[in-house]
*Asks:* 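My structure is below; once you've seen it, I'll send some questions.
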Amino acid sequence: MDFETVFSDVLPIPLDEGPNPISPIAYPAEYSQAMDYFRACARANEKSQRVLDLTAAIIELNPAHYTVWKVRQECLIALNADMRQELEYATEVGLEHHKNYQVWHHREVVVTQIGYDEAVIKKELGYIHAQFKIDSKNYHAWSYRQWLVKYFNYWSEELKEVDGLIELDCRNNSAWNHRYYYFTNRPEGFSDDDLKSEITFSLAHVRKTPNNESPWNYLRGISKKASPASGIVDSLVNDVKNLIQENEFIVHGASFLLDIVESRIAQEADESKKSVDSQYAKKLCNDLMKYDIIRLKFWTYRLSLLS
Amino acid sequence: MTPKLAVAKHVTYVQELDNKKDSFEYWAGEHLRLNGVYWGLTSVHLLKHPEALDSAQIIEYVMSCQHTNGAFGGHIGHDPHLLYTLSAVQILATLDALDRIDADQIATYVKSLQQPDGSFSGDEYNEIDTRFSYCAVNCLSLLNRLRQPYIDVDRAVEFIHSCKNFDGGYGSVPGAESHSGQIFCCVGALAILGRLELIETDRLGWWLAERQLKNGGLNGRPEKLEDVCYSWWVLSCLSIMDRIHWINRDSLVDFILNAQDTEGGGIADRPGDVSDVFHTLFGVAGLSLLGYPDLEPVDPRYCMPCSVIKRLGIQ
């Protein structure tokens with residue numbers, strides 16, 4: 001962009017760092033010049049195509065400049081710009097800067113301006129999918145996806161996406177978190193039947209990777225959703241006990257059982273059942289102290305809670 | 001063999017940051033310049049060399065980033081933002097210069113960022129994140145304005161609590177994945193607000209202790225790489241919850257010390273990488289929490305020297 005020609009009627013405003021700047025920054029000339037015109041246009045509150053182009057030029061040099069993004073949005077709205085085209089632009093920048101807060105937030109602003117449009121939502125989900133191919137744990141991408149599907153109440157692709165990502169990498173904690181988000185936020189809710197099939201799904205994964213923290217945490221989270229009379233938790237406890245016996249010691253499995261058995265002790269009225277559970281919980285603690293030495297003090301503390 | 005903490009090298013490293021203005025990293029990082037000053041200043045204070053930086057010069061620089069509404073931008077001429085307003089207040093508090101600012105005016109600015117659900121945005125741009133809840137609470141606490149009419153404390157607590165996940169951790173917004181950095185923001189804010197009873201201490205404590213890997217380092221989420229900055233995000237929470245002994249101290253100390261640049265100074269994200277001022281602060285602060293000798297004690301809620309928090313009369 002030839003700034004001097006485009007902004008020939010504008011007096012650029014240089015950065016005022018005061019008389020004795022503690023640390024004057026040596027900006028590259030192009031960036032410095034672009035910012036001088038940007039300051040002038042911002043002060044004049046100019047919202048125009050040329051300012052829009054100027055923001056793109058600055059973003060190319062410094063995509064984390066939050067004020068420039070804000071002015072860009074104001075220009076887009078003032079010019080009644082094509083927001084679908086703007087998404088293409090955000091994609092271009094976003095594929096280069098995966099973890100830039102501003103460009104992810106920009107998508108949210110632009111999509112909100114467009115409003116409900118299934119084609120746009122699908123395209124956004126496709127864009128997020130492309131980001132997952134680069135980094136399937138990108139916190140920004142996941143947060144944006146959660147916002148998008150909830151805002152537009154559009155849940156139809158979520159389970160398929162999460163299934164695919166867990167299939168690819170069952171240690172992807174972000175995907176497990178989104179699985180929980182899906183079941184607990186979609187309007188249909190989470191029935192005991194859903195819970196049963198999710199338990200089957202998670203157990204299949206812990207069988208494959210017993211030391212994978214994510215499905216164990218997921219199991220812990222969903223098992224709290226069981227209706228007390230359903231007996232689901234008791235049968236889960238038996239399944240996990242068997243699993244532990246079939247394998248070498250599983251720290252996460254034992255820790256999971258300890259949590260559940262502890263809460264069962266707290267609720268149980270029958271003293272003899274309580275005592276059986278209590279003995280079992282102590283055994284789990286002792287095993288954990290032996291096998292998870294790095295967290296020895298934690299398990300010692302847990303054992304002390306039982307006596 | 002693990003080296004000792006190279007105190008003198010780190011102090012020189014921070015002092016010389018200001019001479020590297022022509023490097024690409026420096027100017028591209030200008031939008032968080034004020035954060036950088038806070039990281040460097042707090043580092044030298046924790047290293048017990050507060051004289052290493054010129055206080056008067058820093059105060060003048062900070063004041064030159066202030067806007068007429070009381071808030072601060074990331075650098076001279078940059079728009080106001082909560083992230084930089086917190087850094088500015090932290091710097092001025094550390095240098096005992098809070099009399100340079102109008103606390104009521106800043107508190108009014110922070111209030112203007114609170115949303116009806118109790119959350120905070122970082123500026124008028126409306127991005128919501130528990131990071132901003134933390135910034136608001138920390139900032140107002142340092143200014144002794146943590147009350148009505150400034151912010152609705154109960155609502156702020158409610159929003160943070162709504163970000164608690166099934167694994168006991170916290171994310172950036174309700175439902176977002178637990179992340180050690182966000183957990184620090186939520187636990188830190190709840191600690192400052194005296195609402196630690198909302199935390200599932202044992203559950204969260206275990207999740208945090210699980211962040212320690214075999215090499216001693218801590219990661220931010222399950223199955224992610226270890227990083228020195230998590231020595232701070234994870235340890236500070238364990239310290240707030242009085243559970244710091246749940247992780248293995250010696251192996252973490254070794255991990256941090258091995259991430260030092262013992263020649264050029266500074267600490268990197270992990271052994272073998274290039275050091276930067278951000279990881280320098282969080283490495284040193286982590287060592288301070290772990291009781292490494294000859295360091296100034298750090299307050300786990302504020303990431304500032306305990307002596308400063310005490311001087312401000314904060315319990």
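No hydrogens, no waters, no symmetry mates; every other heavy atom, side chains included, goes into these values. Computed from a predicted model, the values in this text were never measured in an experiment.
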*Asks:* Under 4.5 Å heavy-atom distance to chain A, tell me which part of B:E60 shows up: side chain, backbone, both or neither.
*Replies:*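 It is neither, since no heavy atom gets under 4.5 Å.
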*Asks:* With respect to chain B, which residue among A:K224, A:Q73, A:K150 yields the maximal number of heavy-atom pairs within a distance under 4.5 Å?
*Replies:*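 Most heavy-atom pairs within the cutoff with chain B belong to A:Q73.
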*Asks:* Less than 4.5 Å to any heavy atom of chain A: does that hold for the side chain of B:D123, its backbone, both, or neither?
*Replies:*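 For B:D123, side-chain heavy atoms alone lie under 4.5 Å from chain A.
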*Asks:* With a 4.0 Å cut-off on N to O distance, would you call A:K70 and B:D79 a salt bridge?
*Replies:*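 B:D79 and A:K70: salt-bridged.
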*Asks:* Is B:E226 paired with B:R211 through a side-chain N to carboxylate O contact shorter than 4.0 Å?
*Replies:*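 No.
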*Asks:* Could you list the residues that satisfy side-chain contact (heavy atoms from CB on, under 4.5 Å) with B:D227, not counting sequence neighbours?
*Replies:*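 Partners of B:D227 by the side-chain contact (heavy atoms from CB on, under 4.5 Å) criterion, ordered by chain and then number, come out as B:C229, B:Y230, B:D269, B:R270, B:H279.
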*Asks:* Is the shortest side-chain N to carboxylate O distance from A:E161 to A:R145 below 4.0 Å?
*Replies:*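 Salt bridge flag = yes for A:R145 with A:E161.
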*Asks:* Name the region of A:S143, side chain, backbone, both or neither, that has any atom closer than 4.5 Å to a heavy atom of chain B.
*Replies:*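 Just the side chain, heavy atoms under 4.5 Å.
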*Asks:* Examine whether an atom of A:W299 lies under 4.5 Å from a heavy atom of chain B, and if so say whether it belongs to the side chain, the backbone or both; otherwise answer neither.
*Replies:*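 Contact with chain B: side chain only.
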*Asks:* For the residue pair B:Y61 and B:H75, confirm or rule out a side-chain donor-acceptor distance under 3.5 Å.
*Replies:*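 There is such a pair between these side chains.
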*Asks:* With salt bridge (Lys or Arg N to Asp or Glu O under 4.0 Å) as the rule and sequence neighbours excluded, what pairs involving residues 168-181 of chain B come up?
*Replies:*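 Of all non-adjacent pairs touching residues 168-181 of chain B, those that pass salt bridge (Lys or Arg N to Asp or Glu O under 4.0 Å) are B:E177-B:R221.
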*Asks:* Can you say whether A:L305 sits under 4.5 Å from chain B via the side chain, the backbone, both, or neither, judging by heavy atoms?
*Replies:*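 The side chain, not the backbone.
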*Asks:* Check this for me, if you would: do A:D259 and A:R220 make a salt bridge, where the nitrogen-to-carboxylate-oxygen distance has to be below 4.0 angstrom?
*Replies:*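 Salt bridge flag = yes for A:R220 with A:D259.
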*Asks:* Among A:Y301, A:W69, A:Y181, A:W176, which residue has the highest count of heavy-atom pairs closer than 4.5 Å to chain B?
*Replies:*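 Top count of heavy-atom pairs under 4.5 Å with chain B: A:Y301.
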*Asks:* Are the side chain of A:N138 and the backbone N or O of A:F132 linked by a donor-acceptor pair below 3.5 Å?
*Replies:*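 No, the answer is negative, given that no donor and acceptor are paired below the 3.5 Å cut-off.
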*Asks:* Identify which part of A:S255 has an atom lying under 4.5 Å from any heavy atom of chain B, answering side chain, backbone, both or neither.
*Replies:*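 When you check distances to chain B, only side chain atoms of A:S255 fall under 4.5 Å.
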*Asks:* Given heavy-atom pairs under 4.5 angstrom as the criterion, report whether the side chain, backbone, both or neither of B:L213 touches chain A.
*Replies:*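 For B:L213, the contact with chain A is made by the backbone alone.
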*Asks:* Chain B: which of A:K297, A:K137, A:Q146, A:R302 shares the most heavy-atom pairs with it under 4.5 Å?
*Replies:*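 Looking at each option in turn, the highest pair count goes to A:K137.
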*Asks:* If I measure from the heavy atoms of chain A, does B:N248 come under 4.5 Å with its side chain, its backbone, both, or neither?
*Replies:*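 Contact with chain A is through both the backbone and side chain of B:N248.
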*Asks:* I need the residue from A:P63, A:A42, A:S174 with the largest number of non-hydrogen atom pairs under 4.5 Å to chain B.
*Replies:*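 It is A:S174.
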